[in-house]
Structures are given as structure tokens and as C-alpha cells.
Amino acid sequence: MPELPEVETVVRDLRPLLVGRVLLDVSNGAKRLRYPWKPTWNRRIRGLSVEAIGRRAKFIIVGLTQDASLLIHLGMTGQLTCVPDDEIVADHLHLRFRLSGGFELRYRDIRRFGGVEFHTGQASLEKRFESVALGPEPWLMDGDNWVASLMASSRAIKSLLIDQSTISGLGNIYADEALHRAGIHPARQAKSLTRPESTALLQAAGCVMEEAIAGRGTTLRDYVGGSGLGGTHQHSLAVYGREGEPCSRCGLIIIRIMIAGRSSHFCPGCQSQDIGKRGGNRVLP
DNA sequence: ATGCAGTCCTGTAAGC
DNA sequence: TGCTTACAGGACTGCA
């Protein structure tokens, strides 16, 4: 399930493989994606070449000549890879962009929660981003604005962390990891956090993401990077997916509860329900 | 306005 | 063994 670190890894992998290549053609499968590719785009991409590749939150932006771009979201199981065009074709492959030099940019997505869009002009792209109302990424979030957002919300802090309009890039895995690192119980009301706790949580979110990027992301099920290689950060997770195992910091057994319809993993020792208790203002390695 | 539950989708695993 | 059911969750819709 690609969150910010996985998307960043895909971008970094693809950059040397993709930049400078010309889009020759595209073929798309019959199954409808959440963000569907329109057949009218087929001829419009022909002859455009890749100038840059970047990322905003969990969206990948492939910058093309003539001010055009591809906007890609991987959803839950999306895979964007650049491979030689004779590479074996796997199931659930939805889009194949034929590239110069005998390569293909492939979009594969088992559960079809993602997709690829074509945009022309900066305005079209900006309008698209406005419609999803993305908050800042953790390391760009202003501390005072962050504290204010938390103080204004009676929601569970876990629910706020995965809400892309408040802060972008975190999903279920890294939200659980950030809460554990900051010593905050996921069910705490956002407005119950003290200022030091809020600040520690923001810092923890940034650290967790940076470490995950360094490990090429977390491969639990379907995620692979842009060259098809998986991540290694699953070996470094402190709480996510570790229900019933002892906490590496205090030894208590990690618990899983449901918050806002999502699994939330936490350590009852390190993450107290009580305000300011048990290391709420610490950021530990 | 706010926040929750439901929806989409398929593969995997648990349970009977 | 073979079926049914639950679960995984990013982003969106609809409802209270």
C-alpha cells in the first residue's frame, strides 16, 4: 500500500530510466480504473518526451514536453515500472506506454484503486490538485498551523493523521508508526494533545517517513519500486502488523484496535491514553 | 460544518 | 476438501 515513502521510491527509481525518453504509443486494458485513462488521450501523448518526474503527496507527476503531464496515483496496489518491452506481461496490467529505446512504462494495479491521467497545461494540473485539497507534507508543515489544526478537532488523532487534507503523505502504516514513536495513543482526541505532544508527533511523522525512504519503502504485499524491486522497511516497523508481538522498546504486547474503520496498532506501555504520560513529548530513535 | 460509515476492488487467509 | 466470510485501506460519497 503505497504511502509517501513508497511513492518517492518509485519516483527516484524511474527518474534515470524515464527522463529523455519519447512516448511512442499507449495501449490500455478494458477494465476500468478508479482514475480512468481516456482513449482520446492515446494520440495526444504520441511524440511527447519525458522532461522530469516528481511527486506531490502520493501523486506522481511525469512532466512531458509541450507543458503536458501524466498524473499517477497508485491507490492500494498500483505499480508503475519502466522495463524492457520484451519483459513478461503480468496479470492486472492496465496501461503500457511504449517508449523510445525499447522500453515500456507499465501501470499494473490488482485492485484498480489508482490510475493514470493526462493533463495539458499547468492550470489543469493545479485545478486537479485543488479538487483533492492536499495539506502540506510533514516536513513542510508549519508547527503553529499543525497545533491549531489539532486543537480544532475532536476526532481521534489517528483519523486526522491519515486525512490528506490536514497533512499529506501518511497512510495507515506510517500513522501507526509515527504515533508509536511519539508515544501517543491513536484513539486520543486530537485536541487533547499538549503542544509538546503535537510537536513531537509532527517531528516523528517526518522521521518515520525519512527512514522509510532510506529503506526504499515498505513491501508487505504488492508494492514494488519503479524498477520492480521491493522495499526493506517492513523489517523496521515498530508496531504496524505486529499485533501480539512484544514492543521492542518496553516489551509489552502490541494491540490492534479499529479506529475510523482502519486497523490501528499500538503499544499499551509506550502509548498511554492519558495526556502527557509515557513519553508523549519525546521523539525516540 | 463535522465526522462517521459505506463503497469500490481482488487476493489471501481463516473458519466451518 | 471446498465453500463462505473477513480483512487489507486510499480516496471518495452520502448521511446523520
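Chain A is the first sequence line, chain B the second, and so forth, proteins listed ahead of strands; every chain is numbered from 1.
Put simply, CZ on A:Arg32 is 14 Å from P on B:dT10, counting in whole angstrom units. If you measure from atom CG of A:Leu33 to atom P of C:dA11, you get 15 Å, rounded to the nearest angstrom. In this entry the distance linking CD of A:Gln234 with P of C:dA8 reads 18 Å, nearest Å. Taking atom CZ on A:Arg56 and atom C1' on C:dG10, their separation rounds to 16 Å, with Å as the unit. The NE2-P distance, from A:His73 to C:dA11, rounds to 3 Å in whole Å. Rounded to a whole Å, the CD atom of A:Gln79 is 16 Å from the P atom of B:dT10. For the pair A:Arg34 CZ and C:dC12 P, the interatomic distance rounds to 6 Å; values are reported in whole Å. Between A:Tyr240 atom OH and C:dC7 atom P the separation is 13 Å, expressed in whole Å.
Close to C:dG10, at under 4.0 Å from its OP1 or OP2, lies no side-chain N or O of A:Gln164. An OP1 or OP2 oxygen of B:dT10 is reached within less than 4.0 angstrom by no side-chain nitrogen or oxygen of A:Thr77. Phosphate contact (OP1/OP2 of B:dG11, side-chain N/O of A:His92, threshold under 4.0 Å): present. Between A:Lys31 and the phosphate of B:dC9, there is no side-chain N or O to OP1/OP2 separation shorter than 4.0 Å.
With sequence neighbours left out, A:Phe97 forms a ring pair (Phe, Tyr, Trp, His ring centres under 6.0 Å) with A:Trp37.
In this structure, A:Arg256 reaches the sugar-phosphate backbone alone: every heavy-atom distance under 4.0 Å involves primed, P, OP1 or OP2 atoms, never a base. Within 4.0 Å (heavy atoms only), A:Tyr35 reaches sugar-phosphate atoms of the nucleic acid but no base atom.
Taking the six-membered ring wherever Trp is involved, the centroid distance between the rings of A:Phe266 and A:His185 falls below 6.0 Å. If you look at A:Tyr240 and A:Tyr174, their ring centroids are not closer than 6.0 Å.
By the 6.0 Å and 45° rule, A:Arg21 stacks over the aromatic ring of A:Phe103.
A:Leu74 is not connected to A:Tyr35 by any chain of hydrophobic side-chain contacts under 4.5 Å among Ile, Leu, Val, Met, Phe, Trp and Tyr, and they are in different clusters.
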Report, one line per pair, each donor and acceptor closer than 3.5 Å where one atom sits in a side chain of residues 9-18 of chain A; sequence neighbours left out.
from	atom 1	to	atom 2	distance (Å)
A:Thr9	OG1	A:Pro5	O	2.7
A:Arg12	NE	A:Glu8	OE2	2.7
A:Arg12	NH2	A:Glu8	OE2	3.4
A:Asp13	OD1	A:Arg216	NH1	2.9
A:Asp13	OD2	A:Arg216	NH1	3.2
A:Asp13	OD2	A:Arg216	NH2	3.0
A:Asp13	OD2	A:Gly226	N	3.1
A:Arg15	NE	A:Ile53	O	3.4
A:Arg15	NH2	A:Ile53	O	2.8

Using nucleotides 2-5 of chain B, report all nitrogen or oxygen pairs with the protein that are shorter than 3.5 Å.
from	atom 1	to	atom 2	distance (Å)
B:dG3	OP1	A:Ser154	N	3.1
B:dG3	OP1	A:Ser154	OG	3.1

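Atom SG of A:Cys267 sits about 12.5 Å away from atom CD of A:Glu245, to the nearest 0.5 Å. To the nearest 0.5 Å, the span separating CG on A:Leu150 from CZ on A:Arg155 amounts to 10.5 Å. Considering CG of A:Leu80 and CG of A:Leu105, their distance stands at 4.5 Å, rounded to 0.5 Å. In this structure, the separation between CD on A:Gln271 and SG on A:Cys250 is 9.0 Å, given to the nearest 0.5 Å.
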Practice task
Any chance you could encode DNA chain B as dot-bracket? Rule is Watson-Crick or G-U wobble with both distances under 3.5 Å; [ ] for pairs crossing earlier ones, | for another strand.
Solution key: .|||||||||||||||
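Near-neighbour residues of DNA chain B inside residues 128-150 of chain A, defined by a heavy atom below 4.0 Å, are absent.
Considering only heavy atoms from C-beta on, A:Ser168 stays 4.5 Å or farther from A:Lys58 through its side chain.
The side chain of A:Arg262 has C:dA11 as its nearest neighbour among C:dC7, B:dG11, C:dA11.
Applying the salt bridge (charged side-chain N to carboxylate O under 4.0 Å, His left out) test to residues at least two apart or on different chains, the pairs with a partner in residues 138-147 of chain A are A:Asp144-A:Arg195.
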